[in-house]
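Read the structure below first, then the notes.
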Amino acid sequence: MPTPAAPQALQTITLAGGCFWCLDAVFRRVRGVGSVECGYTNGHVIAPTYAEVCTGRTGHAEAVRIDYMPECIGLDDLLDIFFTIHDPTTRDRQGNDVGPQYRSAIFTHGPEQAAAVHAYVDDLRKRRLFDAPIVTVIEPENNYSPAEAGHQRYFERNPDQGYCAFVVAPKVGKLRSHFADRLADDA
């Protein structure tokens, strides 16, 4: 009897596309995602607070750091979801969330991942799937720090809060309608 292949090591990608509560709620429901953590990345202040990031002056993006199992879900699958649930054509804005902390960005972990992300986005641009140019920034992750505990799993704990009901829930609905085959069993 053949020995089953050992699982591959988790890989990490960091995504920003508006308020991190939205991305957190969506990616926690995806099969093959091991963990999701809300945080702040690619700014110039060490370990900023939410209040500091909200000023737009720290340079950070609200982001989620996703650890995923590549044998269960590929990077392109995660990017398909990412580009479906947020608007990659608006600079420093997602709906009513405005400022550089809400920019559309992919923060890569290593040159191989960066090359794969650039190829994916270049293909999207060539196919002209959006009505306006894609403005998503692609750069290596740096100066990342986790968000405060109150921001982790925010949607799960506050589903009836106004922002969650009117902004986060529709994104989770979009995940369910477009990617039902990618949902975790408990989603």
task: Output the distance between atom CG (L10) and atom CD1 (I66), rounded to the nearest 0.5 Å.
output: 12.5 Å
query: If you take all heavy atoms of L175 and R29, which pair is closest and at what distance?
result: CD2-CB, 3.8 Å
query: Would you say the side chain of C164 lies within less than 4.5 Å of the side chain of Y154, judging by non-hydrogen atoms?
result: yes
field: Cluster overlap F155 with V33, hydrophobic side-chain contacts below 4.5 Å
entry: yes
query: How about R31: does its CZ atom have over 12 heavy atoms from other parts shown lying under 6.0 Å from it?
result: yes
- request: Quick one: list whatever passes ring-ring contact (aromatic ring centres under 6.0 Å, His included) with Y50, sequence neighbours left out.
  value: H151
- line: Closest non-hydrogen contact found for K174 with I85 is CD-CA, 4.2 Å
- request: For R127, check salt bridge (Lys or Arg N to Asp or Glu O under 4.0 Å) against everything at least two apart and list the hits.
  value: D123
task: For Y102, check side chain to side chain donor-acceptor pair (under 3.5 Å) against everything at least two apart and list the hits.
output: none
V64 vs T14 side-chain heavy atoms within contact, under 4.5 Å: no
- prompt: In chain order, what residues pass the side chain to side chain donor-acceptor pair (under 3.5 Å) check against T55, with sequence neighbours excluded?
  reply: none
task: Could you tell me which residues satisfy side-chain contact (heavy atoms from CB on, under 4.5 Å) with P146, sequence neighbours excluded, listed by chain and number?
output: E37, Y144
query: How about V26 and I81: do any of their side-chain heavy atoms sit closer than 4.5 Å?
result: yes
query: What is the distance from atom OG1 of T89 to atom CZ of F130, rounded to the nearest 0.5 Å?
result: 7.5 Å
task: Without swapping roles, check the side chain of R157 against the backbone of Q152 for a donor-acceptor pair under 3.5 Å.
output: yes
- prompt: For S145 and A47, which heavy atoms make the closest approach, and how far apart are they?
  reply: OG-CA, 3.7 Å
- line: Sequence neighbours excluded, the answer for side chain to side chain donor-acceptor pair (under 3.5 Å) partners of Q113 is none
- request: Take F20 and Y40 through the ring pair (Phe, Tyr, Trp, His ring centres under 6.0 Å) test and state the conclusion after the steps.
  value: CA-CA 9 Å; F20 48 27; Y40 314 114; 5.7 Å; yes
- request: Hey, could you give me the CD1/NE2 distance between I106 and H118, rounded to the nearest 0.5 Å?
  value: 9.0 Å
field: Taking every non-hydrogen atom, the tightest pair across V168 and A25
entry: CG1-CB, 3.5 Å
- prompt: Taking only residues two or more places apart in sequence or in another chain, which ones pass side-chain contact (heavy atoms from CB on, under 4.5 Å) with P70?
  reply: Q8, Q11, Y68
query: Does atom CZ of F166 have more than 12 heavy-atom neighbours, drawn from other residues, nucleotides or ligands, at distances under 6.0 Å?
result: no
message: Does anything in residues 131-154 form a salt bridge (Lys or Arg N to Asp or Glu O under 4.0 Å)? List the pairs, not counting sequence neighbours.
response: R65-E141, R153-E156
query: Any sub-3.5 Å donor-acceptor pair from N42's side-chain atoms to P140's backbone N or O?
result: yes
statement: Contacts satisfying salt bridge (Lys or Arg N to Asp or Glu O under 4.0 Å) that involve residues 75-92 (not counting sequence neighbours) are D77-R182
query: In chain order, what residues pass the side chain to side chain donor-acceptor pair (under 3.5 Å) check against T41, with sequence neighbours excluded?
result: none
For F83, ring-ring contact (aromatic ring centres under 6.0 Å, His included) partners two or more places apart: H86, Y120
- prompt: Does R128 CZ have over 12 foreign heavy atoms under 6.0 Å away?
  reply: no
query: For V117 and L75, what are the C-alpha separation, side-chain angles and deciding distance, and is it a side chain to side chain contact (heavy atoms under 4.5 Å, CB included)?
result: CA-CA 8 Å; V117 169; L75 178 60; 4.0 Å; yes
- request: For Y163, enumerate each residue passing the ring-ring contact (aromatic ring centres under 6.0 Å, His included) test, keeping only those at least two apart in sequence or located in another chain.
  value: W21
message: Applying a strict under-4.5 Å side-chain criterion to I, L, V, M, F, W and Y, I'd like to know whether L124 and L15 cluster together.
response: yes
statement: For H60 and R103, the nearest pair of non-hydrogen atoms, with its separation, is O-NH1, 3.4 Å
OG on S104 to CD1 on I138, rounded to 0.5 Å: 9.0 Å
- prompt: Are any of the side-chain nitrogens in D24 or R28 under 4.0 Å away from the carboxylate oxygens of its partner?
  reply: yes
- prompt: Can you tell me how far CD1 of I134 sits from CG of L129, rounded to the nearest 0.5 angstrom?
  reply: 7.0 Å
field: For the student: nearest non-hydrogen atoms of V45 and E52, plus distance
entry: CG1-OE1, 4.5 Å
query: So, the side chain of H44 versus the backbone of R57: is there a donor-acceptor pair under 3.5 Å, distance only?
result: yes
query: In Å, rounded to the nearest 0.5 Å, how long is the span from CG of N96 to SG of C19?
result: 12.0 Å
- prompt: Are any of the side-chain heavy atoms of L78 and F27 separated by less than 4.5 Å?
  reply: yes
field: Cluster overlap F82 with M69, hydrophobic side-chain contacts below 4.5 Å
entry: no
